[in-house]
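Just below is one structure, and these are the notes that go with it.
Everything numeric in this text was worked out from a predicted model, so none of it was measured.
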Amino acid sequence: MLAKLSTRPSLRRCAVTGAVGLVLLGTGLPTATDDAEPDLARFYRQKVTWAKCPGEGLPKDLQCGKITVPLDYAHPGSGTLDLALARYRATGRKQGSVLLNFGGPGGAGVPEFVAGGKDFMELTDGYDIVTFDPRGVGRSSPVSCGDGEEDIAVTEDGTEIGRDPQSVLKQLRKAADACARHSGPVLPHIGTVNASRDMDVMRQALGDKKLNYLGFSYGTRLGAVYAAQFPERVGRLVLDGVDTLTEPLTEQGVAGAKGQQKALEEFVNWCVKDIACPFGQDPREARKQVVRLVDSLDEDPVPSAFGEPFTGQDLVGAIGQALYSEELWPSLERALATLVEDGDTHAIETFATGGAAPARRDETEETAGTEETGNPDGGLVDEEEVPLDNLPAALMAINCADDPDRPTDEQIIGNLDRLRAEYNQASPVFGPYRLTEVLMCYGRSRGTDFIRDDVKDVHTSKMLLVGTRGDPATPYRWTVETAKRLGPSAVVLDNKGSGHTGYASSKCVHGKVDAFLLYGTLPADGSSCGPEDDGE
């Protein structure tokens, strides 16, 4: 059975969570202010010019713009990047802007805003609501790992890496080199520490003295880093689906596997009550059938909508996305039935592509085959030029730039048996999938220590942290741990519901978040929203 580290775009979309940070090439982290040092002042003097968004079928009231930021904050004269922005204008009395980040890492904000921006319309009573494509993501100098020729396959039980470990590690180094070759100059400067500094430039360009912010999942890590870098500039800040500040990728993978396994079991218990469930009506047998389906596709893949093999690990990735919300369960049930009964992967693959039907671009539009798919001049790329693998490529780049752990060859090989057992115990379905991610940073530069060492004891105005008890991606304990680490400024709202994040699924959470952002009304620390308050 194979578990693959793949850069194929639709088949390896990972959970919207992960470690964050950046190697800053040995430099410090200077704090930008309105009196920014002269070499940054030109970036802080800019203002956003808003216009109608390019493209067909977009909301008429959605506006687009851009800002320019340094490629390298340590050497601002070495190059620049343009970052794509989008906004809905305030309809009430404007009191500033709220900046949104929907998660990832690697998620582009602008297309997410196009699809779901109307969920935030209550906030326009007092704010422009603004989102962005972070550096290396979407239209903002997107990174890429190429056409997937460097996919790495290792046997799930570890025998191949145990039999010829140097060969596998050599392939991993080759894959890392391919990502560097295809991504362009942005790759060494991607990550949350720089993305946070970009947000401060955005704040100033939007005309706000302080940053009002709503971040989900990975976006909570981004918000926490901003609070540590610019504590005096924190306005009303909300973190929903709180990420860890301290756990290494190996521990995050185990936590993610456990959360997804619990969500899968809840889905199966729901599914078997329906006669149309493709796994029958017995919960225990249905769970076994899920494992057998994954195993069979790993052993004998079927053609995907891309024409490439659709493996069991591809299925695991798609199911993982669908489990983020109970609202998706009926669609997941139908997609699995289509796969089991007809061998048709089209419906299940839509979960891995964020709800869009996967389609291969015409060869005349492809950038694959070039040595560099990033934008060397730092300008925005057209939507159709965003590499198909940008999401997984950016996720890997950010996670690896953010994590300082780089085990040696001997440590990787020596720990493999223990890690395999730990991951399989966490989840027989998601464990092997997550375990492959442990290897993904091999061959890349060491990540920053800044987040683990310095994002703590922030001296800011009060911020609201929302943790959901049944969250399959960001366990509730991360909310408690992160709040304790950030210090007295952090106020916790305990959402006793399920699903990934609370704002979209709980009317109670939605109302309390909006009340804080609009009016500064903060719930008491430790207060809760019960599952009976969840929206249908």
Hydrogens and angles aside, do [X] and [Y] bring a side-chain donor and acceptor to less than 3.5 Å of each other?
{"X": "Tyr442", "Y": "Asp409", "value": "yes"}
{"X": "Ser427", "Y": "Tyr433", "value": "no"}
{"X": "Asp243", "Y": "Thr220", "value": "no"}

**Message:** Using a 6.0 Å cut-off, check whether atom NZ of Lys484 has over 12 heavy atoms from anything other than its own residue.
**Reply:** no
**Message:** Is it true that, when you exclude Gln425 itself, more than 12 heavy atoms of the residues, nucleotides or ligands shown sit nearer than 6.0 Å to its CD?
**Reply:** no
Does any non-hydrogen side-chain atom of [Y] lie less than 4.5 Å from one of [X]?
{"X": "His182", "Y": "Pro387", "answer": "no"}
{"X": "Asn390", "Y": "Val137", "answer": "yes"}
{"X": "Met440", "Y": "Cys400", "answer": "yes"}
{"X": "Arg485", "Y": "Thr482", "answer": "no"}
{"X": "Pro432", "Y": "Tyr423", "answer": "no"}
{"X": "Leu222", "Y": "Pro105", "answer": "no"}
{"X": "Phe216", "Y": "His500", "answer": "no"}

Return yes if some donor-acceptor pair links the side-chain N/O of [X] with the main-chain N/O of [Y] below 3.5 Å, else return no.
{"X": "Glu251", "Y": "Pro248", "answer": "no"}
{"X": "Asn212", "Y": "Ser97", "answer": "yes"}
{"X": "Asp133", "Y": "Ser140", "answer": "no"}
{"X": "Thr311", "Y": "Asp314", "answer": "yes"}
{"X": "Thr131", "Y": "Ala86", "answer": "no"}
{"X": "Arg139", "Y": "Val381", "answer": "yes"}

Rounded to the nearest 0.5 Å, how far does [atom2] of [Y] lie from [atom1] of [X]?
{"X": "Thr68", "Y": "Asp198", "atom1": "OG1", "atom2": "CG", "value": "10.5 Å"}
{"X": "Phe430", "Y": "Ile319", "atom1": "CZ", "atom2": "CD1", "value": "6.0 Å"}
{"X": "Asp405", "Y": "Arg446", "atom1": "CG", "atom2": "CZ", "value": "7.5 Å"}
{"X": "Asn424", "Y": "Arg434", "atom1": "CG", "atom2": "CZ", "value": "14.0 Å"}
{"X": "Trp478", "Y": "Leu245", "atom1": "CH2", "atom2": "CG", "value": "10.5 Å"}
{"X": "Leu465", "Y": "Leu486", "atom1": "CG", "atom2": "CG", "value": "6.0 Å"}

**Working for side-chain contact (heavy atoms from CB on, under 4.5 Å), residues Glu247 and Glu481** = CA-CA 11 Å; Glu247 289 189 5; Glu481 293 167 0; 4.2 Å; yes
[X] versus [Y], closest heavy-atom pair with distance:
{"X": "Ala426", "Y": "Val254", "value": "CB-O, 4.0 Å"}
{"X": "Arg420", "Y": "Asp417", "value": "NH2-OD1, 2.9 Å"}
{"X": "Ser183", "Y": "Val143", "value": "OG-CB, 3.3 Å"}
{"X": "Asp471", "Y": "Thr501", "value": "OD2-N, 3.0 Å"}
{"X": "Gln261", "Y": "Pro428", "value": "OE1-CD, 3.6 Å"}
{"X": "Arg406", "Y": "Cys441", "value": "NE-O, 3.5 Å"}

**Asked** Once the angle between the rings of Phe113 and Phe102 is folded into 0 to 90°, is it parallel (under 30°), tilted (30 to 60°) or perpendicular (over 60°)?
**Response** tilted
**Item:** Val69 vs Arg135, side-chain contact (heavy atoms from CB on, under 4.5 Å): CA-CA, chis, key distance, verdict
**Value:** CA-CA 9 Å; Val69 296; Arg135 58 172 61 210; 3.6 Å; yes
**Asked** Would Tyr73 and Val201 count as a side-chain contact (heavy atoms from CB on, under 4.5 Å) if you check the C-alpha gap in whole Å, the side-chain angles of each, and the deciding distance to 0.1 Å?
**Response** CA-CA 12 Å; Tyr73 277 92; Val201 177; 3.7 Å; yes
**Message:** Evaluate Thr460 against Leu237 for side-chain contact (heavy atoms from CB on, under 4.5 Å), listing each step before the verdict.
**Reply:** CA-CA 10 Å; Thr460 69; Leu237 189 146; over 6 Å; no
**Prompt:** Looking at Leu206, Leu211, Leu214, which one forms a side chain to side chain contact (heavy atoms under 4.5 Å, CB included) with Val98?
**Reply:** Leu214
**Fill in**
Checking Arg203, Arg236, Met199, Met463 against Tyr213 for side chain to side chain contact (heavy atoms under 4.5 Å, CB included), the one that qualifies is Met199
**Message:** Any salt bridge linking Arg452 with Asp403? Criterion: basic side-chain nitrogen under 4.0 Å from a carboxylate oxygen.
**Reply:** yes
**Asked** Can we say Asp200 and Arg197 salt-bridge, meaning some charged N sits less than 4.0 Å from an Asp/Glu carboxylate O?
**Response** no
**Request:** Report the residues that fulfil side-chain contact (heavy atoms from CB on, under 4.5 Å) with Asp177, sequence neighbours left out, ordered by chain and then residue number.
**Result:** none
